[in-house]
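Below: one structure, written as structure tokens.
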There are 2 protein chains.
Amino acid sequence: MSKAIQELTILKEHLTKHNLKLTRQRENILTTFLKMEHVTAEHMYRLLAKKDPHIGLATVYRTLKLLCEAGLAKEHHFGTQTQFDNVAHKGHHDHLICTDCGKIVEFENCQIERLQEEVATRNGFTIKTHRLELYGLCATCRS
Amino acid sequence: MSKAIQELTILKEHLTKHNLKLTRQRENILTTFLKMEHVTAEHMYRLLAKKDPHIGLATVYRTLKLLCEAGLAKEHHFGTQTQFDNVAHKGHHDHLICTDCGKIVEFENCQIERLQEEVATRNGFTIKTHRLELYGLCATCRS
DNA sequence: CCAGAAATTGAGAGCATGAATCATTATCAG
DNA sequence: CTGATAATGATTCATGCTCTCAATTTCTGG
């Protein structure tokens, strides 16, 4: 649980820095969020509604966005849905995906990340996140 | 324009094979689609409405999906928007996406592609395709 | 501790994208 | 030509998320 306390501290610092307030709802959402690897806002809403039927959907959306701003969560779009990933559960990584057997290998490559920054700068962009997926055949499926 | 005729043939074959019919609307949408590298359904709708104010948005959505099924187009999700890419224009490119205004800049970077190959080889993979999207703020939205 | 300014909340309306409905119209095989 | 069947387009519906606003909560500083 010292982990959770650490994250609560990060949130508190973010709130203070931006003149925001720590509320019961924000604390609840953070606590629930930290227990999982990822959630959708809708799912989070249903979970919280069990304990506190008066929680508002808008608050869930707002708070999840807040957690992203505080660096504790990260948004990911999958088709129509948006997932919020718990950053603590995994550092950022990219994926190698086998189109045959579905195997997924995670990797990280600083050189690629550096080049991405370069491309962005050249186009006047400031990168916040990225997604890199390589699709192909793994060693087993190729033979 | 022999190129366009070729694509029209592909569409006709697909229609025949699935007992579908060739309509004026489908032909118009294909013709317009072939002129561009990518469109959203909404954008396509506005283009077509200039010539034929009675075109239905539903028809545009249905036909773009049809083009995907015929292998002439490919869907891509960017946040809330869905883009349809012209497969024939297929110089592969990656995307810089502004999370604020939705602006999309395409780029190509051989060095990144080479590093991707390297990562794949190291993991025993043979890459067929990839997807690289950089999310951030464009120059205008940052200021 | 308390007052009051300021942020936050929740309920519901609003909005955008895209899919489903259905009466009318167009296509095309025979 | 003609009839079966597919397609169209106007509209409604569904989803996912944001906005609005009155009421409530937080928290600063006196």
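Atom set for the values below is all heavy atoms of this structure, side chains included, hydrogens, waters and symmetry mates excluded. Below, read A as the first sequence line, B as the second, and so on, with proteins coming before strands; counting in each chain starts at 1. Please read all numbers here as calculations on a predicted model, not as lab measurements.
Contact detail for B:Cys138 and B:Cys98: the closest heavy-atom pair is N-SG, 3.4 Å. A:Ser143 approaches A:Thr140 most closely through the heavy-atom pair OG-O, 3.1 Å.
Comparing D:dA7, D:dG16, D:dT26 by their nearest atom to the side chain of A:Thr23 picks out D:dT26.
One interatomic measurement links the two molecules: CD of B:Glu27 to P of D:dT8, which rounds to 12 Å at whole-angstrom precision. Distance B:Arg24 CZ to D:dT8 P: 9 Å, rounded to the nearest Å. Taking atom CD of B:Gln25 as the reference point, atom P of D:dA10 lies 11 Å away to the nearest angstrom. Going from atom CG of A:Leu20 over to atom P of C:dT9 covers 10 Å, rounded to whole Å. Rounded to an integer number of Å, the gap from CZ of B:Phe84 to C1' of C:dT17 is 11 Å. Rounded to a whole Å, the NZ atom of A:Lys21 is 4 Å from the C1' atom of C:dA7. Straight-line distance from the NE2 atom of B:His18 to the C1' atom of C:dC28: 18 Å, rounded to whole Å. Rounding to whole angstrom units, CG of residue B:Leu15 and P of C:dA26 are separated by 19 Å.
Considering only residues two or more places apart in sequence or on other chains, B:His43 meets the ring pair (Phe, Tyr, Trp, His ring centres under 6.0 Å) condition with none of them. Residues passing the side chain to side chain donor-acceptor pair (under 3.5 Å) test with A:Arg131, sequence neighbours excluded: none. In this structure A:Asp94 satisfies the side chain to side chain donor-acceptor pair (under 3.5 Å) test together with A:His92, A:His130, sequence neighbours excluded.
Comparing B:Glu75 and B:Thr16 by the nucleotide of DNA chain C whose heavy atom lies nearest to each, the residue mapping closer to the 5' end is B:Glu75.
A heavy atom lying under 4.0 Å from DNA chain C marks the following residues of residues 39-56 of chain A, by number: A:His54, A:Ile55, A:Gly56. Of the residues in residues 57-67 of chain A, those with a non-hydrogen atom less than 4.0 angstrom from any atom of DNA chain C are A:Ala58, A:Thr59, A:Arg62.
For the salt bridge (charged side-chain N to carboxylate O under 4.0 Å, His left out) condition, the pairs that include at least one residue of residues 20-29 of chain A, sequence neighbours left out, are A:Arg24-A:Asp52.
When the options A:Asn86, A:Thr82, A:Val87 are evaluated for a side-chain contact (heavy atoms from CB on, under 4.5 Å) with A:Phe84, the one that passes is A:Thr82.
Proximity of a side-chain donor or acceptor of A:Arg142 to a complementary backbone N or O of B:Gly124 within less than 3.5 Å is detected.
Residue A:Arg26 places no side-chain N or O under 4.0 Å from the OP1 or OP2 atom of C:dA7.
Connection of A:Val119 to A:Ile127 is established within a shared hydrophobic cluster, with ILVMFWY side chains joined at heavy-atom distances below 4.5 Å, either directly or through further cluster members.
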